[in-house]
Amino acid sequence: MFEDITLNHWTWLVIALVLAVFELIAPGVVFLWLAIAAAITAAVSFVTPELGYTFHLAVFAILAVIVTWAGKRYVKQHPIISDNETLNKRSQQLVGREVSLIEAIENGEGRAKIGDSPWRVHGPDLPVGTRVKITSVDGATLNVEAI
């Protein structure tokens, strides 16, 4: 049934390219390691074409585990340092901002409008329209204090 299967070095290069494209589309660094493993398997396949597809599949499987483990370890030991710590943390960017309440804070809960979105706020009981300052963020709730 599988006698006609051929996975030569070109096939592995195409697989590596497809996995690299998936990495560009999907969030996170997952397919990168598999693409690297496929590229290395292409080199092994080029050097040892006579060993067949089962050997090359085994090489890919082993390399995928090793490269993924090594890549994750590297990224953990060398984190990406940004000059803007809150770049992808929209709620953290709001700390220090002054806004008006669109819903009174009663029993510690209310709402404030930021841009065109209402946000849940937590703070002392205050009437609608009060200007408040965002002091911290707890999940999707903004902690505020009266100005």
Side-chain angles (χ1 to χ4, degrees), residues 1-103 105-124 131-147:
M1 176 178 181
F2 295 111
E3 296 83 28
D4 296 335
I5 293 178
T6 56
L7 293 177
N8 61 23
H9 61 283
W10 292 113
T11 307
W12 285 108
L13 285 174
V14 168
I15 291 170
L17 180 64
V18 168
L19 288 168
V21 169
F22 282 169
E23 179 63 36
L24 294 174
I25 296 170
V29 183
V30 176
F31 293 106
L32 173 66
W33 314 124
L34 298 176
I36 292 170
I40 296 170
T41 303
V44 170
S45 176
F46 181 75
V47 174
T48 61
E50 69 281 353
L51 294 179
Y53 76 93
T54 53
F55 174 77
H56 296 137
L57 284 173
V59 167
F60 173 72
I62 292 167
L63 284 173
V65 171
I66 292 170
V67 171
T68 301
W69 173 79
K72 295 286 186 180
R73 186 173 175 196
Y74 177 82
V75 169
K76 189 175 184 180
Q77 291 176 351
H78 302 89
I80 298 171
I81 299 170
S82 174
D83 57 345
N84 185 353
E85 297 277 330
T86 61
L87 181 62
N88 291 320
K89 300 174 185 172
R90 180 176 177 214
S91 58
Q92 292 292 329
Q93 294 175 353
L94 300 175
V95 174
R97 192 164 170 188
E98 296 177 4
V99 297
S100 294
L101 295 177
I102 59 169
E103 183 180 301
I105 300 178
E106 295 175 352
N107 298 322
E109 299 292 325
R111 292 206 178 279
K113 189 169 186 175
I114 301 172
D116 60 353
S117 303
W119 285 71
R120 183 175 45 213
V121 296
H122 178 75
R131 296 284 298 166
V132 293
K133 182 177 182 178
I134 301 168
T135 57
S136 64
V137 178
D138 185 18
T141 302
L142 306 173
N143 297 314
V144 298
E145 63 184 26
I147 299 176

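FYI, the numbering just counts along the sequence from 1. The basis for the numbers below is simple: all heavy atoms, side chains too, and nothing from hydrogens, waters or symmetry mates.
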- Item | Pair Val29-Glu23, side chain to side chain contact (heavy atoms under 4.5 Å, CB included): steps then yes or no | CA-CA 7 Å; Val29 183; Glu23 179 63 36; 4.1 Å; yes
- Show your working on side chain to side chain contact (heavy atoms under 4.5 Å, CB included) between Phe31 and Ile25 and close with a plain yes or no. CA-CA 10 Å; Phe31 293 106; Ile25 296 170; over 6 Å; no
- Determine, stepwise, if the pair Thr11 / Asn8 fulfils side chain to side chain contact (heavy atoms under 4.5 Å, CB included). CA-CA 5 Å; Thr11 307; Asn8 61 23; 3.1 Å; yes
- Between Ile147 and Glu98, does a side chain to side chain contact (heavy atoms under 4.5 Å, CB included) hold up when you go through it step by step? CA-CA 8 Å; Ile147 299 176; Glu98 296 177 4; 3.4 Å; yes
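When every heavy atom of Ser117 is checked against every heavy atom of Trp119, the shortest pair comes out as O-CD1, 3.3 Å. In plain terms, the two heavy atoms of Pro124 and Ile105 that are nearest each other are O-CG2, 3.3 Å. Taking every heavy atom of both residues into account, Glu109 and His122 meet most closely at OE2-ND1, 3.2 Å. When every heavy atom of Val132 is checked against every heavy atom of Ala146, the shortest pair comes out as CG1-CA, 4.3 Å. Of all non-hydrogen atoms in Ile15 and Ala38, the two that sit nearest each other are CG2-CB, 4.0 Å.
In summary, of the residues considered (Leu34, Val14, Val30, Leu32), a side-chain contact (heavy atoms from CB on, under 4.5 Å) with Leu19 occurs for Leu34 alone. Partner Ile134 forms a side-chain contact (heavy atoms from CB on, under 4.5 Å) with one of Asn143, Val121, Ile114 and no other, that one being Ile114.
Interatomic distance, CG of Leu17 versus CZ of Phe22, reported as 10.5 Å (0.5 Å rounding). To the nearest 0.5 angstrom, Trp12 atom CH2 is 5.0 Å from Leu57 atom CG. How far CZ of Arg97 is from NZ of Lys133: 13.5 Å, rounded to the nearest 0.5 Å. Annotation: the span from Ser45 atom OG to Phe55 atom CZ amounts to 10.0 Å, rounded to 0.5 Å. Here Ile66 contributes atom CD1 and Ile36 contributes atom CD1; the two are 13.5 Å apart, rounded to the nearest 0.5 Å. Put simply, CG on Leu94 and CG on Leu142 are 6.0 Å apart, with the number rounded to the nearest 0.5 Å.
With hydrogens and angles disregarded, no donor-acceptor distance shorter than 3.5 Å links the side chain of His56 to the backbone of His9. Between the side chain of Thr68 and the backbone N or O of Ala64 there is at least one donor-acceptor pair closer than 3.5 Å.
Here the side chains of Lys113 and Pro118 are not in contact, with every heavy-atom distance at 4.5 Å or above.
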